[in-house]
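Values below: every heavy atom of this structure, side chains too, minus hydrogens, waters and symmetry copies. For the single chain, residues carry numbers from 1 onward in sequence order.
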Amino acid sequence: MEWAVRVQILSQMGISEVPSQYIQPPKNRPESVTENIADLSCKHVPAVDLCSEKESVLPAIREACREWGAFHVFNHGVPTKLLDGLRRACLPFFNDFQMEDKLKYACNPNFAASEGYGSRLLVSSENETVLDWRDYFDHHTLPLSRRNPSAWPHFPPEYRELMANYSDEMRVLAQRLLALMSESLGLKASCIEDAVGEFYQNITASYYPPCPQPDLTLGLQSHSDIGVITLLIQDDVGGLQVLKDGEWLLVDPLPNAILVLVADQTEIITNGKYKTCVHRAITNASKARLSIATFHDPAKTVRISPVSDLVSQSSPPLYSSVLYRDYLSSWYSNAPEGKRNLDKLLLDTSNYCSALYAIKKRNKNSQVLFHLCNEIKFDVCIEASKA
């Protein structure tokens, strides 16, 4: 059994102070917490109507991905009945199941991102990361070979069918959005998806119980998502914050909208033209909150790097290529604080460009440049050597 205590148990005990392992260091604590969540709401996260003409959709997506790394979509094609039905179906597991029944679905504590019911995101008990004030249920949904509905809650009766249908709808929407994101950069529609390959999709229902000291805790620590694209639905309580220009802004839930979060691999693939969204979740003292996030990742064997169409001598690669398995391992072992895992892949392009220019000016011998390419692992150098 997972060693961490379920957060919901602590909340139901009626404690007045949270245990020390949930207390965030002062620099990470929410600056202000209010009972009226609307007082903190951010109404400026872009919203894109996918039924609009492409001539207006593409610039809107381009601006949102560059400036925010997040945007709402509506008229997205996912039935409202399915969105509402899944939210309603997920709540009974947390609210109505006895703990002994919930623990029958417990995650394997020895493996990262194992399917089932859990509280602690990171595996290693030696990791000093402060615990999140959150319980969750993680579903492995795609590829279909990973999908095992018998591992999901059996109540209410429609739960498993709703989750499977939702998975399929999210895959279609993710593919549609990545195509629009590619086109908004002047790339062919399939460009980003081609770089990713087959989706590995997980759906995580997160439950944030009321917290007696919301000013000291976080429901979910600051991080950027590790995959390609995340699609999120919230209830009407609110609690998700995004980091914009150094300020934490609470994202106002929009009825029937789906929030799109750009994730780390997309920032790499687009060579930094589109930025990942750093976000976190705050808690409140009186209301529980539910959110459902659908993550779309590459397979572990896929190597991610900036696409060649966005790399040139004047725009060298900003990130080194990475095997997704290695990126995943780094994220889970080092803790997902902000964008620090992505920042490890940043290249010192200013020094590289200066060196390349100096060598090219002195010696047009392409072999010199080719060896430099192999040493620094810049695929784009090979093209530069031909110039």
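Distance CG/Leu231 to CD1/Ile292: 12.5 Å, rounded to 0.5 Å. The distance from the CD1 atom of Ile15 to the CD1 atom of Ile9 is 11.5 Å, given to the nearest 0.5 Å. If you take CD1 on Ile258 and CG on Leu232, they are separated by 9.5 Å, rounding to the nearest 0.5 Å. Taking CG from Asp252 and CG from Leu259, the interatomic distance works out to 11.5 Å, rounded to the nearest 0.5 Å. Within the model, atoms OG1 of Thr204 and CG of Asp138 stand 3.5 Å from one another, a figure rounded to the nearest 0.5 Å. Taking OG of Ser315 as the start and CG of Asn271 as the end, the distance is 5.0 Å to the nearest 0.5 Å.
Within the 4.5 Å cutoff, the side chain of Ile226 has heavy atoms near those of the Leu328 side chain. No side-chain heavy atom of Gln241 sits under 4.5 Å from any side-chain heavy atom of His279. The side-chain heavy atoms of Arg29 and Ile23, taken from C-beta on, include a pair separated by under 4.5 Å. You'll find the side chain of Val278 reaches within 4.5 Å of the side chain of Ser222, heavy atoms only. Annotation: side chain of Met170 is in contact with side chain of Gln201 (closest heavy-atom distance under 4.5 Å). With a 4.5 Å cut-off on side-chain heavy atoms, Val196 and Val302 do not count as touching. Side-chain atoms of Leu86 and Tyr159, non-hydrogen and from C-beta on, never get closer than 4.5 Å to each other. Counting only heavy atoms from C-beta outward, the side chains of His76 and Leu177 never approach each other to under 4.5 Å.
Sorted by first and then second residue, the salt bridge (charged side-chain N to carboxylate O under 4.0 Å, His left out) pairs with a member in residues 168-190 read Lys54-Glu183, Arg147-Asp168, Lys188-Asp194; sequence neighbours excluded. Within the structure, ring pair (Phe, Tyr, Trp, His ring centres under 6.0 Å) contacts touching residues 176-197 (residues at least two apart or in different chains) do not occur.
Counting all heavy atoms, side chain and backbone alike, Val262 lies closest to Thr276 at O-OG1, 3.0 Å. Residues Gly219 and Arg134 come closest through the heavy atom pair O-CB, 3.3 Å. Ser330 and Lys344 get closest at one heavy-atom pair: OG-NZ, 3.8 Å. Considering every non-hydrogen atom in both Trp133 and Pro212, the closest pair reads CZ2-CD, 4.0 Å.
Distance alone, capped at 3.5 Å, is enough to place a donor-acceptor pair between the Arg160 side chain and the Pro149 backbone. Without hydrogens or angle criteria, Asp132 side chain to Gln221 main chain gives a donor-acceptor distance under 3.5 Å. The main-chain N or O of Arg325 is never found under 3.5 Å from a side-chain atom of Ser329 such that the two would form a donor-acceptor pair. With hydrogens and angles disregarded, no donor-acceptor distance shorter than 3.5 Å links the side chain of Asn75 to the backbone of Asp49. Remark: side-chain polar atoms of Arg146 are paired, donor with acceptor, to backbone N or O of Leu142 under 3.5 angstrom. Remark: the backbone N or O of Glu193 is not paired with any side-chain donor or acceptor of Ser190 at under 3.5 angstrom.
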*Report the C-alpha separation of Tyr208 and Val237 in whole Å, then their side-chain angles, then the decisive distance to 0.1 Å, and conclude whether the side-chain contact (heavy atoms from CB on, under 4.5 Å) test is met.*
CA-CA 10 Å; Tyr208 305 90; Val237 174; over 6 Å; no

*Verify side-chain hydrogen bond (donor to acceptor under 3.5 Å, both in side chains) between Trp68 and Glu63, making sure each step is shown before the conclusion.*
CA-CA 8 Å; Trp68 287 84; Glu63 179 73 10; over 6 Å; no

*Verdict with supporting geometry, Leu220 and Leu240, side-chain contact (heavy atoms from CB on, under 4.5 Å)*: CA-CA 9 Å; Leu220 193 61; Leu240 177 72; over 6 Å; no

*Step by step, work out the ring-ring contact (aromatic ring centres under 6.0 Å, His included) result for Tyr207 and Tyr136.*
CA-CA 6 Å; Tyr207 184 81; Tyr136 62 86; over 10 Å; no

*After noting the C-alpha distance and the side-chain angles of Lys273 and Leu185, does the key distance pass the side-chain contact (heavy atoms from CB on, under 4.5 Å) rule?*
CA-CA 9 Å; Lys273 293 191 167 44; Leu185 285 169; 4.1 Å; yes

*Step by step, would you call Tyr274 with Glu267 a side-chain contact (heavy atoms from CB on, under 4.5 Å)?*
CA-CA 5 Å; Tyr274 288 170; Glu267 180 164 332; over 6 Å; no

*Would Asn284 and Arg289 count as a side-chain hydrogen bond (donor to acceptor under 3.5 Å, both in side chains) if you check the C-alpha gap in whole Å, the side-chain angles of each, and the deciding distance to 0.1 Å?*
CA-CA 9 Å; Asn284 71 80; Arg289 172 176 174 257; over 6 Å; no

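With sequence neighbours left out, Arg87 forms a salt bridge (Lys or Arg N to Asp or Glu O under 4.0 Å) with Asp84. For Phe74, there are no ring-ring contact (aromatic ring centres under 6.0 Å, His included) partners two or more places apart in sequence or in a different chain. With sequence neighbours left out, the ring-ring contact (aromatic ring centres under 6.0 Å, His included) criterion links Phe199 to His296. Not a single salt bridge (Lys or Arg N to Asp or Glu O under 4.0 Å) links Asp235 to another residue, sequence neighbours left out.
Under the 30°/60° scheme for interplanar angles, the aromatic rings of Phe97 and Tyr105 are found to be tilted. A parallel orientation is assigned to the rings of Tyr324 and Tyr327, their planes being inclined by less than 30° (bins at 30° and 60°).
The residue from Ile233, Leu173, Asn165 that alone fulfils the side chain to side chain contact (heavy atoms under 4.5 Å, CB included) condition with Val78 is Leu173. Test Val260, Leu261, Thr294 against Thr230 for side chain to side chain contact (heavy atoms under 4.5 Å, CB included) and you get one pass: Leu261. For the ring pair (Phe, Tyr, Trp, His ring centres under 6.0 Å) test with Tyr117, the passing option among Phe93, Trp152, Phe137 is Phe93; the others fail.
Taking the six-membered ring for Trp and the full ring otherwise, Phe295 and Tyr200 have centroids separated by 6.0 Å or more.
A continuous path of Ile, Leu, Val, Met, Phe, Trp and Tyr side chains, each step under 4.5 Å between heavy atoms, connects Tyr22 with Met13, placing both in one hydrophobic cluster. In this structure, Met99 is a member of the same hydrophobic cluster as Phe155, with clusters built from ILVMFWY side-chain heavy atoms closer than 4.5 Å.
At a cut-off of 3.5 Å, with distance as the only test, no side-chain donor of Ser291 or Gln234 sits close to an acceptor on the other residue.
Atom CD of Glu158 has more than 12 neighbouring heavy atoms from other residues, nucleotides or ligands inside a 6.0 Å radius.
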